[in-house]
Protein chains: 2
Amino acid sequence: MEQIVASLRDEGFRITPQRMAIVDYLLKTEDHPSADHIHKVVRKRYPMISLSTVYKTLYLLKEKNLVNEIEVEGESRFDAHTDDHINIVCIKCGKIDDVDEETLKDIQVKAAKKSKYLILKSSFELHGYCSSCKSKMK
Amino acid sequence: MEQIVASLRDEGFRITPQRMAIVDYLLKTEDHPSADHIHKVVRKRYPMISLSTVYKTLYLLKEKNLVNEIEVEGESRFDAHTDDHINIVCIKCGKIDDVDEETLKDIQVKAAKKSKYLILKSSFELHGYCSSCKSKMK
DNA sequence: ACTTAATTAGGAATTATTCCTAATAATAAT
DNA sequence: ATTATTATTAGGAATAATTCCTAATTAAGT
């Protein structure tokens, strides 16, 4: 948290309670919340915070590589976990879990060579049923 | 093409000119067009075709695993290439290329184990600059 | 040809996101 | 501490992709 605040301050951005609250929530949760969900949560403490501020803050943080965005079923979900990893999305309940996987980097390098692209960012998603939804189905 | 028509017909779906035109375009193109783009193209031959029909057809084809959908920058892009592969998106011009990669399946299996999810679908995207946009930048 | 039920066109409704602007407040300077 | 500067915010309007709705059309079985 201090690191994030420091890095924003260094670049001349102001540290507002709204930004703090959003960063704080993202760091604490294991969830991959949507902008709207973050808004609902943060609103409990800061009832005046607007959804547009949540969006602006999220895109600022994304720009600074402090959060990651993934698009799932027409909406963006955010995550403070910015290292390369796999996001596993439950198509029933919408839960998203992270799985680390060292070989992702290799794939990225191989694909960059084959395709002649300059790769800047990766996004690996799997979709299925989480263990809880899986067992409820039977 | 015949396979697709046959498989739709088998399941009781009607073979309409609209559906044929959409499938035909998707099979011929190397692009990963959006619904709106498909609509614009198919409209040249079938001026009356509606965008909602394009959407319905695409989601029918997706349901039947005949096309793949990826979400990029707030819009869905479609592709008749349904085997596991990597989509590489150019963040400048929006082009999408495919790269085959055999190790994707391994990753999927490993992640399924670790996460205890039942995996149904995967989506691997890399984002960067295509070779053409890359050279234009310098 | 006739029937009937799936499909379509067209536009309205919905939803996530972005845009706009006057008011507010974080920071730097005094 | 006060003040001045200017980034940021709240709130709502605008936008854009997608979904929904319904009367008219039409593919396919008889």
Side-chain angles (χ1 to χ4, degrees), chain A residues 4-25 32-64 66-67 69-78 89 94 96, chain B residues 4-25 32-64 66-67 69-78 89 94 96:
Chain A
I4 292 178
V5 169
S7 88
L8 287 177
R9 183 167 272 140
D10 277 1
E11 300 194 62
F13 294 103
R14 292 181 180 173
I15 307 306
T16 65
Q18 292 90 336
R19 285 175 176 169
M20 296 286 277
I22 291 166
V23 169
D24 180 61
Y25 176 56
H32 293 62
S34 65
D36 192 62
H37 187 251
I38 294 168
H39 182 226
K40 285 196 178 101
V41 171
V42 172
R43 211 177 208 180
K44 286 176 194 161
R45 289 173 158 240
Y46 297 90
M48 81 306 298
I49 195 171
S50 73
L51 183 56
S52 60
T53 295
V54 174
Y55 273 106
K56 281 197 82 185
T57 300
L58 288 170
Y59 288 113
L60 169 66
L61 294 170
K62 185 190 167 187
E63 198 65 27
K64 299 300 152 208
L66 302 169
V67 307
E69 175 188 15
I70 63 174
E71 298 182 45
V72 176
E73 283 163 39
E75 86 176 358
S76 288
R77 308 272 295 259
F78 299 88
V89 182
I96 299 179
Chain B
I4 293 178
V5 168
S7 90
L8 288 177
R9 183 166 274 142
D10 277 1
E11 299 195 61
F13 294 103
R14 292 184 179 172
I15 307 307
T16 65
Q18 293 90 335
R19 285 175 176 168
M20 296 285 277
I22 292 166
V23 169
D24 181 61
Y25 176 57
H32 293 62
S34 64
D36 193 60
H37 187 252
I38 295 168
H39 183 225
K40 285 197 178 98
V41 171
V42 172
R43 213 178 207 178
K44 286 175 194 160
R45 291 174 157 242
Y46 298 90
M48 80 306 297
I49 195 172
S50 74
L51 183 55
S52 59
T53 295
V54 174
Y55 273 106
K56 279 196 83 186
T57 300
L58 288 169
Y59 288 114
L60 169 66
L61 294 169
K62 186 188 168 188
E63 198 64 28
K64 299 301 153 206
L66 301 169
V67 306
E69 175 187 16
I70 63 174
E71 298 182 46
V72 175
E73 282 160 41
E75 85 175 359
S76 287
R77 307 273 295 260
F78 299 88
V89 182
I96 300 179

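Naming convention: chains lettered A, B, ... in sequence-line order (proteins, then strands); numbering from 1 in each chain. Quick caveat, the model's predicted, so the values are computed rather than measured.
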Nearest to side-chain heavy atoms of A:S76, which nucleotide of D:dA27, C:dT17, C:dA9: C:dT17
Point-to-point distance, once rounded to the nearest 0.5 Å, from NZ of A:K56 to CD1 of A:I22: 11.5 Å
Counter-base of D:dT19, judged by Watson-Crick or G-U geometry with both distances under 3.5 Å: C:dA12
Any B:T53 side-chain nitrogen or oxygen under 4.0 Å from OP1 or OP2 of C:dA9: yes
Distance below 4.0 Å between A:Y55 side-chain N/O and C:dT17 OP1 or OP2: yes
OP1 or OP2 of C:dA25 under 4.0 Å from side-chain N/O of A:Q18: no
Passing option when B:S34 is tested against B:E75, B:H39, B:K40 for side-chain contact (heavy atoms from CB on, under 4.5 Å): B:E75
Side chain of B:P17 - closest among C:dG10, D:dA27, D:dA28: D:dA27
A:R9 side-chain N/O to C:dT27 phosphate OP1/OP2 under 4.0 Å: yes
Aromatic plane relationship, A:H37 with A:Y25 - under 30° parallel, 30 to 60° tilted, over 60° perpendicular: tilted
Which residue lies more 5' along DNA chain D, comparing B:F13 with B:E75 via nearest heavy atoms: B:E75
Heavy-atom pair with the smallest gap, counting every atom of B:E71 and A:G74: OE1-N, 2.8 Å
Base of C:dG10 paired with side chain of B:S52 (donor-acceptor, under 3.5 Å): yes
N/O (side chain, B:T16) to phosphate O (OP1/OP2, D:dA27) under 4.0 Å: no
Touch class at under 4.0 angstrom, heavy-atom based, for A:R77 against every strand present: nothing
Protein-nucleotide distance (B:M48, atom CE; D:dA23, atom P), rounded to Å: 22 Å
Sugar-phosphate, base or nothing in reach of A:Y59, heavy atoms under 4.0 Å: sugar-phosphate
Contact nearer the 5' end of DNA chain C, comparing A:L51 with B:I49: B:I49
Least distance between heavy atoms, A:V54 atom then A:A35 atom: CG1-O, 3.6 Å
Of the listed nucleotides D:dA7, D:dT18, C:dT17, the one nearest the side chain of A:R14: D:dA7
Sugar-phosphate only, base, or nothing, as touched by B:P47 at under 4.0 Å among non-hydrogen atoms: nothing
